[in-house]
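Step one of this worksheet: look at the structure below.
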Amino acid sequence: MPELPEVETVRRGLLPVLEGKTILKAEVRRPDLRWPFPENMAERLTGMRVLRLRRRSKYILADLSSQETLIIHLGMSGRMLIDGTATADFHSNPVLPDKHDHVILHTDAPARVTFNDARRFGAMDLAPTEQVEAHWLLGKLGPEPLGNAFNENYLVARFKGRNTPVKSALLDQRIVAGLGNIYVCEVLHRTGISPKRKAGKIGVDRVQSLVPAIRDVLNEAISSGGSSLRDYRQADGELGYFQHNFTVYDREGQGCTRAGCDGEIARVVQSGRSSFYCPVCQR
DNA sequence: ATGTGTTCCTGTCCGC
DNA sequence: TGCGGACAGGAACACA
């Protein structure tokens, strides 16, 4: 589920139960996810106040009162579940954890925040807040697509001379940090660029058109995710469930939605990932 | 340096 | 109903 808009949606959903709150207890129910958890993670979280809950690319960063920052990545299947918001539940009605509930934070919101990740491609680490940007997971990330450093001149320069398909280039987190398979497909459809076109061989004006398209798609997705935040206030406690009407993603065989285009959405595999596109209007 | 394929893990869905 | 295979929103890593 998590590309940038989903991670941002999750972050916003977590704000009321984490930011400014204290972690009363941390349950670490296995030693690792994609990588081993840091030494004594439970102890280093317990008693800490979350000063600020930030996002960098697809990472959620929780700055702690201990001057350490908790780095969270959701991988492919990671979810943050919130429950126990009713005081009575929190204190007296613990729910039996699911087998994929790996880390549980009890806060004084009061709330129980559960990191659930079936495939375990997610990650958690702790780093000094002052140096967190240089953490090995974050240090090589490109600019935020919604920030000022990501602009037309930048993208033109980064695409110049690249022989890789534009699909791969936009998935490269060193070029721009936060896009994933869905939104790259959507952006390319919106700009009429074939995912197979080499990044270095796209006209300057078309490369430039990618920048506002990326911003628009991400902002629209965040807006939709924001509205879906209401879901977790309901009984199941689910957070960040993202609904969106895709124009190409997962629409193989269906008609192209572009006005006046009668193409049929195709699927091709590029470096192991599915690309969905319209062979008629994407060139 | 750059480009591509493999790998980690579990769950779900689809055809036989 | 079971079984095998394909596939899944990520990205580090090994290798040409």
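Treat the numbers as computed from the prediction; the structure is a model and nothing was measured. In what follows, every chain begins at residue 1, and chains take the letters A, B, ... in the order their sequences are listed.
When distances are taken from the side chain of A:Gln173 to each of C:dG9, C:dA11, C:dA8, the shortest belongs to C:dA11.
With rounding to whole Å, A:Lys167 atom NZ is found 14 Å from B:dT4 atom C1'. Between the CD atom of A:Gln270 and the C1' atom of C:dC7 there is a distance of 17 Å, given to the nearest Å. In this structure, CZ of A:Arg174 is placed 16 Å from P of C:dG10, rounded to the nearest angstrom. Protein atom CZ of A:Arg120 is 9 Å distant from nucleotide atom P of B:dG11, rounded to whole Å. What separates CG of A:Leu74 from C1' of C:dG10 is a distance of 11 Å, to the nearest Å. Residue A:Leu141 contributes atom CG, which lies 8 Å from atom P of C:dA12 at whole-angstrom precision.
Phosphate proximity of C:dA11 to A:His73: present, with a side-chain N or O under 4.0 Å from OP1 or OP2. Distances shown here put every side-chain N or O of A:Arg119 at or beyond 4.0 Å from the OP1 or OP2 atom of B:dC8.
Across all strands, A:Asn163 comes closer than 4.0 Å only to sugar-phosphate atoms, never to a base (heavy-atom distances). Backbone-only contact: A:Gly180 has heavy atoms under 4.0 Å from sugar-phosphate atoms and none from a base. Within the 4.0 angstrom heavy-atom criterion, only backbone atoms of the sugar-phosphate kind lie near A:Arg267; the bases stay farther away. In this structure, A:Lys140 reaches neither bases nor backbone, as no heavy-atom distance under 4.0 Å exists between it and the strands shown. No engagement by A:Ser168 is indicated, since no non-hydrogen atom pair under 4.0 Å with the nucleic acid exists.
Residues A:Gln173 and A:Gly178 come closest through the heavy atom pair OE1-N, 2.9 Å. The minimum heavy-atom distance between A:Cys185 and A:Phe276, with the atom names listed, is SG-N, 3.6 Å.
Counting heavy atoms of neighbouring residues, nucleotides and ligands inside a 6.0 Å radius, atom CD of A:Glu252 exceeds 12 of them. Atom CZ of A:Arg197 sits in a sparse spot, with 12 or fewer heavy atoms from other residues, nucleotides or ligands closer than 6.0 Å.
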